[in-house]
2 protein chains.
Amino acid sequence: MASDTPEYVLDRQVGFVLRRATQRHLTIFAAQIPDLTPTQFAALAKLCAAGPESQNALGRQTAMDAATIKGVVDRLRAKGLVTAGRDPDDQRRITLTPSSKGRALYEARVSQAHAITRDTLAPLTEAERDTFLALLAKIT
Amino acid sequence: MASDTPEYVLDRQVGFVLRRATQRHLTIFAAQIPDLTPTQFAALAKLCAAGPESQNALGRQTAMDAATIKGVVDRLRAKGLVTAGRDPDDQRRITLTPSSKGRALYEARVSQAHAITRDTLAPLTEAERDTFLALLAKIT
DNA sequence: AGCTTATTGTTCGTATACAAACATAGTCCC
DNA sequence: GGGACTATGTTTGTATACGAACAATAAGCT
């Protein structure tokens with residue numbers, strides 16, 4: 001071989017394994033919460049927990065850029081889960097608030113959301129779960 | 001509170017942390033290999049390592065469904081990195097082969113691909129990397 | 001006030017991802 | 001041989017993701 005370049009085995013590359021783990025997680029999510037996507041649920045959850053926020057601020061808290069959060073919020077609004085109003089102090093800002101329907105849906109789905117994390121980590125032992133989450137957070 | 005439902009903290013849900021880790025990885029990937037996406041590189045790498053394959057078979061090996069691998073292959077073909085031909089033994093199949101340009105590009109990028117995995121795992125110690133990859137593979 | 005810069009939200013283009021429906025081509029089995 | 005089933009690839013629709021460019025607004029500075 002040209003030099004000491006190690007063999008490239010796809011299944012041992014972080015990116016590939018990350019992608020497959022995400023795929024499995026998405027399957028579990030869709031089975032437990034069919035009426036919302038992970039990002040939609042994340043945005044709704046943040047709004048319910050942290051109170052009204054501007055669109056971009058919500059995006060920052062849920063790790064979505066301005067273009068992505070817009071689409072997510074548009075769909076939440078179309079479903080009547082979130083209402084939007086202009087901020088009187090800043091004409092650019094859109095203040096987002098969960099509707100009563102949005103709050104109700106969130107409350108009704110929280111236990112499933114916890115089950116999703118539990119099921120995703122099911123192949124691991126209790127100790128492994130803590131280790132895994134800690135290491136995963138480190139490479140964030 | 002209504003019952004013993006634990007608080008839902010987004011940053012402690014696997015899905016959310018997985019997504020953020022993937023985001024960081026994609027940034028590292030794009031910086032090291034700007035001319036190919038992770039899925040495009042994965043498909044090209046498999047073809048170079050495992051030899052010619054049908055489109056759907058390649059999709060299975062790279063964890064992409066039929067619709068997704070089609071788009072990836074279309075773009076690889078458009079870039080002249082992969083050539084396609086009908087399988088004489090099965091008129092449905094498209095046999096994919098890396099072009100010389102495709103092989104050359106793959107060879108030229110393998111070291112960066114290894115660097116991507118290394119950089120993504122950089123926040124971890126040597127021992128932690130092995131642990132992490134093993135646990136990540138378990139929840140796949 | 002006037003100028004510069006930063007922030008907010010929008011739009012466009014590209015690229016995964018996957019469900020579902022479809023046409024074509026093989027395979028199996030009676 | 002013929003019918004049922006399966007596999008291959010395509011297309012459509014929906015939903016992230018993000019870069020880049022843009023208009024409108026706000027904030028800071030001189």
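Lettering of chains follows the sequences in order, A, B, ..., and the numbering in each one begins at 1. Because only heavy atoms are used, hydrogens play no part in the values below, and waters and symmetry mates are left out as well, while side chains stay in.
Using a 4.5 Å cut-off between side-chain heavy atoms of Ile, Leu, Val, Met, Phe, Trp and Tyr, with links allowed through other members, A/Leu10 and B/Ile116 fall into the same hydrophobic cluster.
Regarding contacts with the backbone of C/dG9, every side-chain N or O of A/Gln91 stays at 4.0 angstrom or more from both OP1 and OP2. Residue A/Ser54 places no side-chain N or O under 4.0 Å from the OP1 or OP2 atom of C/dT8.
Salt bridge absent: A/Lys79 and A/Asp35 never bring a charged side-chain N and a carboxylate O closer than 4.0 Å.
Taking the six-membered ring for Trp and thresholds of 30 and 60 degrees, A/Phe41 and A/Tyr106 have ring planes inclined between 30 and 60 degrees apart.
In this structure, the CG atom of A/Leu96 is 13 Å from the P atom of C/dT8, given to the nearest Å. Note: CD (A/Glu53) to C1' (C/dT8) measures 14 Å, nearest angstrom.
With hydrogens and angles ignored, the 3.5 Å screen pairs no side-chain donor or acceptor of B/Gln32 with any backbone N or O of B/Ala115. When atom types are taken as modelled, the side chain of A/His25 and the backbone of A/Thr117 share no donor-acceptor pair closer than 3.5 angstrom.
The minimum heavy-atom distance linking B/Arg19 with A/Ala63 is given by the pair NH1-O, 3.3 Å.
Mapped onto DNA chain D by nearest heavy atom, A/Gly71 and A/Asp87 fall at different nucleotides, with A/Gly71 at the one closer to the 5' end.
Two residues are said to be in side-chain contact when any heavy atoms from C-beta on lie closer than 4.5 Å; A/Leu58 and A/Val72 fail this criterion.
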(request) Evaluate the criterion side-chain contact (heavy atoms from CB on, under 4.5 Å) for residue pair A/Ile94 and A/Arg86; output intermediate values, then yes/no. (result) CA-CA 5 Å; A/Ile94 296 178; A/Arg86 285 281 161 186; 4.2 Å; yes
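With a cutoff of under 4.0 Å to any heavy atom of chain B, the contacted region of DNA chain D is bounded 5' to 3' by D/dA7 to D/dC18.
Relative to the side chain of B/Asp90, the nucleotides C/dT10, C/dT8, C/dG26 differ in distance, and C/dG26 lies closest.
Across all strands shown, A/Arg60 has heavy atoms under 4.0 Å from sugar-phosphate atoms exclusively, and none from any base.
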Name the pairs: protein N/O against N/O of nucleotides 17-24 of chain C, kept only if under 3.5 Å.
residue	atom	partner	partner atom	Å
C/dA17	OP2	A/Arg19	NH1	2.7

